[in-house]
Amino acid sequence: MAKQRVLSGVQPTGNLHLGNYLGAIRNWVEGQSEYDNFFCVVDLHAITVPHDPATLAENTYKIAALYLACGIDLNYSSIFVQSHLPAHSELTWLLNCITPLNWLQDMIQFKEKAVKQGENVNTGLLDYPVLMASDILLYQADKVPVGEDQKQHLELTRDIAVRFNHLFGKGEKVLKLPDPLIRSEGARVMSLTDGTKKMSKSDPSELSRINLLDSPEEIQKKIKRCKTDPVRGLSFDDPERPESRNLLTLYMLLSGKTKEEVTAECADMGWGQFKPLLTETTINALKPIQDKYDAVMNEKGYLESVLREGKEKAGAIANQTLAEVKAAMGYSQPL
């Protein structure tokens, strides 16, 4: 029996942080042997906000190298770059033409990001959920690992697939409806400067996040300065103490201990005792990733071969799906 297919990706906008790793990539790694996996660097998504052309390609390769460094196994998974396959852009246009505008205007993330961009908000920011839908539907994915904040986009993907199949499927499912893969622990890693906000690459403060490639000195500085409260004794479950919950969750996930073990260990600790413990645990957890990343980046030919092979495997599926979509819509075959 064939394995179910998984599709996911991360934008190449600077370094990956602990939220990306613990909320997404580590979950990919732990479950990859169960699935047929396609992991892409979604560089087309990266230009929905102002970007630096001088660093886009470099960051794209960095993210691909970090996938490998974090443990993506090529025996189970393919890694490729989104923009290297034109099918993503072409399917987006086709799906744009059947997606009602109000579906996109209702997206919570668009409303939030549009406020930040003001008069400079671009069409791509409104439309990128359709691009995300195309990424998923091109590969006829069964499962999509998503955080809680992306569930609405996956629901939109399913709605678009249902609408397409209804309009053009003639009783057949041209596009498969994907299901979410959501892990309860670590699905939302919060900011070090505000335990009520998600850790994000877009936060202007570097102190808000720990990047996977941060040096031990940078990690120590960020944890030393992270927001805490004046209460002694640490707790997961007090709603009035979001920073305590967040930092204990980080320690739990990075140490590999259970919630019960961490609760017992830290119940009587003060922050002065806990922060060095979290610092040491974080540094030790990230060192193997950083060492593997350095090795991959020093072998550019190897990384390029990984992406080339990933493109070929992904392209075979994506182009087949695109051809089926165009045939269902009535397009002529290329001469």
Side-chain angles (χ1 to χ4, degrees), residues 6-33 36-47 51-85 145 189 199-202 206-207 209-223 250 253-256 279-315:
V6 164
L7 183 285
S8 196
V10 172
Q11 292 188 34
T13 48
N15 287 327
L16 296 183
H17 53 66
L18 280 179
N20 302 129
Y21 176 59
L22 297 174
I25 297 175
R26 194 168 81 162
N27 300 341
W28 303 353
V29 170
E30 291 176 350
Q32 65 184 319
S33 64
D36 176 26
N37 307 281
F38 288 86
F39 299 123
C40 56
V41 184
V42 288
D43 53 343
L44 293 175
H45 286 281
I47 64 170
H51 78 287
D52 183 359
T55 60
L56 180 59
E58 177 186 357
N59 286 338
T60 297
Y61 282 100
K62 282 184 177 180
I63 299 302
L66 278 169
Y67 283 176
L68 293 166
C70 289
I72 295 299
D73 188 334
L74 299 178
N75 290 311
Y76 307 114
S77 306
S78 298
I79 299 171
F80 66 100
V81 178
Q82 181 190 32
S83 68
H84 292 180
L85 291 169
V189 175
M199 187 177 287
S200 171
K201 287 184 280 189
S202 63
E206 276 288 331
L207 294 175
R209 58 190 171 271
I210 293 174
N211 299 313
L212 297 190
L213 300 179
D214 279 348
S215 68
E217 293 75 22
E218 289 171 321
I219 294 170
Q220 182 179 36
K221 173 185 173 183
K222 290 177 179 181
I223 293 177
L250 282 177
L253 294 170
L254 293 171
S255 67
T279 299
E280 181 183 9
T281 301
T282 304
I283 291 170
N284 290 339
L286 292 185
K287 188 177 187 306
I289 293 173
Q290 294 175 352
D291 290 346
K292 178 69 180 293
Y293 170 82
D294 289 339
V296 171
M297 289 299 287
N298 286 330
E299 291 289 340
K300 187 177 180 182
Y302 168 69
L303 183 58
E304 289 177 345
S305 71
V306 168
L307 294 176
R308 192 177 298 112
E309 182 176 344
K311 175 189 172 184
E312 291 174 1
K313 289 182 178 179

Visitor: Determine whether a donor-acceptor pair (N or O, by modelled atom type, separation under 3.5 Å) exists between the side chain of Tyr61 and the backbone of Met297.
Guide: no

Visitor: Would the number of heavy atoms belonging to other residues, nucleotides or ligands and lying under 6.0 Å from CD of Gln290 be above 12?
Guide: yes

Visitor: Using a 4.5 Å cut-off on heavy atoms from C-beta on, say whether the side chain of Val306 contacts that of Leu74.
Guide: yes

Visitor: Using side-chain heavy atoms (C-beta onward) and a distance below 4.5 Å, is Lys62 in contact with Tyr293?
Guide: yes

Visitor: Distance-only, no hydrogens or angles: does the Lys222 side chain make a donor-acceptor pair with backbone N or O of Asp214 under 3.5 Å?
Guide: no

Visitor: Going by heavy atoms in the side chains, are Leu16 and Lys201 under 4.5 Å from each other?
Guide: yes

Visitor: Let me confirm one number: the NE2-NE2 distance from His51 to His45, rounded to the nearest 0.5 Å.
Guide: 14.5 Å

Visitor: Where the side chain of Gln32 meets the backbone of Ser77, is there a donor-acceptor pair that is under 3.5 Å apart?
Guide: no

Visitor: For a 4.5 angstrom cut-off between non-hydrogen side-chain atoms, does Val41 reach Tyr67?
Guide: yes

Visitor: For the residue pair Trp28 and Phe39, does the interplanar ring angle fall in the parallel (under 30°), tilted (30 to 60°) or perpendicular (over 60°) class?
Guide: parallel

Visitor: Where the side chain of Asp294 meets the backbone of Asp291, is there a donor-acceptor pair that is under 3.5 Å apart?
Guide: no

Visitor: For the residue pair Glu206 and Asn211, confirm or rule out a side-chain donor-acceptor distance under 3.5 Å.
Guide: yes

Visitor: Given 3.5 Å as the limit, does a donor-acceptor pair link the side chain of Arg26 with the main chain of Tyr21, or not?
Guide: no

